[in-house]
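See structure below.
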There are 2 protein chains.
Amino acid sequence: MSLRDERKQQSRQALLDAALTLSTSGRSFSTISLREVAREAGLVPTAFYRHFQDMDELGADLVDQVSLSLHHLIKSLREGYGLKAPSKTRMSIERFFAAVNDSPLHWEFLIGERWGGSNIVRGAIEREIHFFIDDLSQDMHKLPDFEHVKDHEDLRIMAEILINLAFSWAMTWLNLPEEQVLRDTQQEQLISRTTRQAQLLFKGISNWQSPIKTVNPE
Amino acid sequence: MSLRDERKQQSRQALLDAALTLSTSGRSFSTISLREVAREAGLVPTAFYRHFQDMDELGADLVDQVSLSLHHLIKSLREGYGLKAPSKTRMSIERFFAAVNDSPLHWEFLIGERWGGSNIVRGAIEREIHFFIDDLSQDMHKLPDFEHVKDHEDLRIMAEILINLAFSWAMTWLNLPEEQVLRDTQQEQLISRTTRQAQLLFKGISNWQSPIKTVNPE
DNA sequence: TGTACATCAGTGAACGCGCGTTCACTGATGTAC
DNA sequence: TGTACATCAGTGAACGCGCGTTCACTGATGTAC
């Protein structure tokens, strides 16, 4: 890559970073302005157009970048499945919160904009969540813990439940107090609570019998 | 109430209605302007200040109004508990979607602004959700189906799971296609799916044993 | 390697626009006598 | 009941501001010879 291309790439990234920062500092993506983003990135407003046609295009690209955190999480969870651990559920939950800690702004963005004001961003996030559910339910299909579940569709439902819950957990996690000691104890409590919620779900599915599909739903 | 007071009340309501409509038409509360709201309500911008100090104050009042739908739902569910029905879970789910149908904008607003851009609105919604969880978990405590659950805290966790799921269900419900026949079949499918998700949860809690609380969580 | 030209990321002035907010006002409604 | 005054929801002009977008430009980097 030429020197010019490299610098262009840097500016582009600065714009994306600026948009992410501004979107997650108590505001939302659809309330920030093109000029604010450029200013935060250290550029003149007109330079914005060298990289994106408008804020919608930047938003779509931002979702792509931020979604990498979802893929990293899937990867981390996969590495965990193979390990021996006293509680696999708890370990997966810990890996989840570690992912949230790694890139808190990414999670805040995904959760906050999932039902947010920009149609483009909302659609892009919903698509990524769909992929995540696919991946997760396929992983579960391979795990011995779930091999008694015959209907693949049941695992999808389970994965859907899990990701919806996970988003609430992440938001609670991110809103924990700053102060060290308080934070540590509340983090531990939250991990316990969420582990319990997940175990409750798994207990459910382990006793689950797929209902016979009737021809006439009435 | 005097004639003047009545008319003032009408204008005030027109402003609240306008804000709700604008907030749920593909945009969000924090992206709509005071002038837009006044215009939509058929008032001059400056008249806004006769009713609210600023958009934040209107937002807080709007959350109060919209939250009535949550209270109505709790009431409707309570009436259902007593009835004889082939599937109580399915009936509760049906009552839930009926509530969403009754005031779709209210639900769209609550869900969209729960993690939205306005701090004031976000806080007010989180408070209402808290009340809802309290009510729901207390109701569950009284139901025979859950009397074997000893730890009240487990019911709270359950109620938390349920409301988070319910919000996703409502959003899916609201995004179903407009076309009548397609809509009818997909509504039926969604009711079946969500009933199944809920039953899966209840199976879980019916097999649930509260973990012994260790002194040292390590 | 050196030169002459092309490319193009970033600049800065300018535009028209909708915004939130102020202010002095109007005129219908309410109140005191 | 009628009159004189007070209240106050709604009006309309005006303000300064940040916005998105256009345009002609600059000057560093890239390319062809």
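The basis for the numbers below is simple: all heavy atoms, side chains too, and nothing from hydrogens, waters or symmetry mates. Chain A is the first sequence line, chain B the second, and so forth, proteins listed ahead of strands; every chain is numbered from 1.
Remark: nothing in residues 10-23 of chain B comes within less than 4.0 Å of DNA chain C through any heavy atom. Heavy-atom distances under 4.0 Å link DNA chain C to B:Ser2, B:Leu3, B:Arg4, B:Arg7 of residues 1-9 of chain B, given in residue order. Across residues 25-44 of chain A, A:Ser33, A:Leu34, A:Arg35, A:Glu36, A:Arg39 each have a non-hydrogen atom less than 4.0 Å from an atom of DNA chain D (numbered order).
Within the structure, every pair that satisfies the ring pair (Phe, Tyr, Trp, His ring centres under 6.0 Å) test and touches residues 49-80 of chain B, not counting sequence neighbours, is listed here: B:Phe48-B:Phe52.
With B:Ser67 contributing its side chain and B:Leu70 its backbone, the two residues share no donor-acceptor pair below 3.5 Å.
For the pair B:Lys75 and B:Asp135, the salt-bridge criterion is not met [side-chain N within less than 4.0 Å of a carboxylate O]. At a threshold of 4.0 Å, the pair A:Arg114-A:Glu126 counts as salt-bridged, since one of the basic side-chain nitrogens sits closer than that to a carboxylate oxygen. Remark: B:Arg27 engages B:Glu36 in a salt bridge, criterion side-chain N to carboxylate O under 4.0 Å. A salt bridge does not link B:Arg193 to A:Asp154: none of the charged side-chain nitrogens sits closer than 4.0 Å to a carboxylate oxygen. Using a 4.0 Å cut-off between charged nitrogen and carboxylate oxygen, B:Glu113 and B:Arg122 do not count as a salt-bridge pair. A salt bridge links B:Glu188 to B:Arg90: at least one charged side-chain nitrogen sits closer than 4.0 Å to a carboxylate oxygen.
Heavy-atom nearest nucleotides on DNA chain C were determined for B:Gln53 and for B:Arg50, and the one closer to the 5' end corresponds to B:Gln53.
For an aromatic pair to be called close, the ring centres must be under 6.0 Å apart, and B:Trp107 with B:Phe96 satisfies this.
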Point to revise | Trace of the side-chain hydrogen bond (donor to acceptor under 3.5 Å, both in side chains) decision for B:Gln9 with B:Asp5 | key: CA-CA 6 Å; B:Gln9 205 48 40; B:Asp5 283 351; over 6 Å; no
Review point. Yes or no on side-chain contact (heavy atoms from CB on, under 4.5 Å) for B:Leu58 and B:Leu34, after CA distance, side-chain angles and deciding distance?
Key: CA-CA 10 Å; B:Leu58 179 145; B:Leu34 183 153; over 6 Å; no
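Where the helix from C:dG2-D:dC33 to C:dC33-D:dG2 starts and where it ends, the local axes point in directions that differ by 30°; five pairs per end, rounded to 10°.
Of all nucleotides in DNA chain C having an atom under 4.0 Å from a heavy atom of chain B, the first and last in 5' to 3' order are C:dC19 to C:dG30.
Contacts of A:Tyr49 with the nucleic acid, taken as non-hydrogen atoms under 4.0 Å apart, include base atoms.
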